[in-house]
Asks: 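Sharing a structure with you now.
Atoms within each ligand, like the ligands themselves, are counted from 1 in listed order. Nothing here was measured: the structure is a model prediction, and the numbers come from that model. For the single chain, residues carry numbers from 1 onward in sequence order.
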Amino acid sequence: MIKIEDYPLSRVPQDKRVSFLSVAIVHMGMLTALDQFMLGAVLGNSMSLTDAFTAILIGSVIFGVVTYGLGLAGMREGISGSLLARWCGFGRLGSVMIGVVVAVSLLGWFGIQNAIFAKSLDFALGHKLGFGWAAALSGSFLTILVAFGFKALRIAARIAVPMFILLVAYISFHVLSGHNLPEIMQLAPHGEPLSISAGITIVVGGAIVASLMTPDLTRYSKNKKHVLGVTIATIVAGEFIINGLAILIAKTLGTADVVTIMAQAAGGAGLLVVVFSTLRVNDLNLYSSSLGIVNAVEGLTGKKLKYISTTLVIGVLGTTLSVLGILDRFVDFLTVLGVVFPPIIGIMLVDYFILRSHRHILDKTRAAGKLPDDSQTPVIGWAAIIASIVGSVVGLVTEWGIPTINSLLAASLIYWLFKVAVNRNQKPVETEAA
Ligand SMILES: Nc1ccnc(=O)[nH]1
């Protein structure tokens with residue numbers, strides 16, 4: 001098995017690389033989860049069947065291209081996403097800032113997952129508790145478990161994935177048998193309508209954090225073919241199977257609410273799977289978010305925050321988000337993710353594959369099995385940081401096209417043009433000096 005926490009600040013040596021399946025299973029795990037099912041349910045309930053699958057197809061192509069690119073860089077260099085960012089335009093502090101953006105997004109996910117958990121709890125208790133109290137209770141409870149490193153959550157992790165897959169298979173069979181495709185295609189969407197371009201953006205938003213995490217896993221991969229295989233396997237499993245089935249199920253049942261779907265189609269067992277799935281992922285969400293913040297504060301200020309207090313604070317913030325109703329803003333949340341992360345990834349890809357700003361030093365140190373040292377690492381890449389912010393704003397405010405693609409292209413292009421212009425102006429100086 002591969003360990004995400006190993007080799008935090010060094011290259012994964014060639015003799016520690018693992019099989020295709022070892023990487024693929026962990027990578028697929030990121031998208032074969034309840035949140036892909038929720039996303040699919042939203043698409044199914046808000047779009048026609050053809051539009052929903054078009055959104056998945058185009059979203060998957062975008063996700064696939066950027067994930068393969070980052071995964072390839074991770075495999076070649078044997079380093080994690082956050083290390084890669086240092087020599088792909090962002091510099092040491094820029095990479096720390098990306099860590100903050102990831103930590104904040106995980107805080108949002110904690111709020112979403114906890115809200116789902118609370119809804120199931122409230123449902124199981126016959127709505128006696130009310131959603132607000134259920135969310136406050138479950139969030140506080142989980143926060144305490146994670147802050148004090150309670151191991152029982154790891155058991156939830158072991159059983160949650162197989163249980164979830166079995167449940168989706170059961171529900172699909174139960175709900176979809178007796179209906180045929182032309183019949184489902186005829187069903188009108190019940191929810192608030194969603195355009196294809198909005199659909200594409202939330203499909204990308206739902207998967208893009210996994211894209212940024214891909215080098216963390218593919219640094220253990222042996223070759224390009226494995227990286228490509230991992231990318232395709234995850235897309236097929238997460239986007240086409242889980243997401244696709246959720247579209248069909250939500251359409252057939254006429255609701256986007258996963259708790260209702262699970263309870264209606266599989267009763268108490270359905271609710272139990274929801275509870276385990278959200279527990280498992282929220283353990284990780286809170287843990288990674290806290291570590292990310294601790295690392296970032298240390299990187300930026302040199303101050304060491306305490307893990308337990310940081311986790312308590314983040315847990316309380318996430319729980320507050322659940323109580324305030326972040327789940328009702330699921331589409332907006334995914335849209336924000338769909339325009340904030342693609343710029344960061346686009347810039348890293350432009351830097352690594354086109355500008356190759358640090359390829360020489362990466363090649364040289366790789367041959368020695370080392371990483372570039374501090375003197376060979378930029379402190380902060382302002383161009384990358386500013387271009388990613390501008391890209392996100394472009395994605396959010398432009399009215400035409402597809403927000404996620406707008407943000408990706410705007411940031412990549414601005415960064416590329418700026419760097420090319422600067423390099424041109426600097427060349428004569430260098431020749432003079434030489
Ligand atoms: N897609 C997700 C990424 C991170 N955390 C989640 O709960 N979901």
Asks: L31 and side chain to side chain contact (heavy atoms under 4.5 Å, CB included): which partner among T234, I242, V236?
Replies: T234
Asks: Just to confirm my output: which protein heavy-atom neighbour is closest to atom 3 (C) of ligand 1, and how far is it?
Replies: W109 NE1, 3.5 Å
Asks: What atoms of ligand 1 come within less than 4.0 Å of a heavy atom belonging to V281?
Replies: 6 (C), 7 (O)
Asks: Please list the nearest protein heavy atom to atom 5 (N) of ligand 1 with its residue and the distance rounded to 0.1 Å.
Replies: N285 OD1, 2.8 Å
Asks: CD1 of I116 to OG of S322: how many Å apart, nearest 0.5 Å?
Replies: 10.0 Å
Asks: Can you confirm whether the side chains of H27 and T214 place a donor and an acceptor under 3.5 Å from each other?
Replies: yes
Asks: Report, in ascending order of atom number, the atoms of ligand 1 lying under 4.0 Å from any heavy atom of Q113.
Replies: 6 (C), 7 (O)
Asks: Look at atom CZ of R366 and say whether more than 12 heavy atoms of other residues, nucleotides or ligands are closer to it than 6.0 Å.
Replies: yes
Asks: Determine the minimum heavy-atom distance between D216 and L212, stating which atoms define it.
Replies: OD1-O, 4.4 Å
Asks: For atom 1 (N) of ligand 1, what's the nearest protein heavy atom and its distance?
Replies: D35 OD1, 3.1 Å
Asks: Between L106 and ligand 1, find which residue part has any heavy-atom pair under 4.0 Å and reply side chain, backbone, both or neither.
Replies: side chain
Asks: Report the part of M30 (side chain from C-beta onward, or backbone N, CA, C, O) that has a heavy atom under 4.0 Å from ligand 1; answer both or neither where that applies.
Replies: neither
Asks: Return the orientation label for the H127 and F123 ring planes: parallel under 30°, perpendicular over 60°, tilted otherwise.
Replies: perpendicular
Asks: If the cut-off is 4.0 Å to any non-hydrogen atom of G206, which atoms of ligand 1 fall inside it?
Replies: 1 (N)
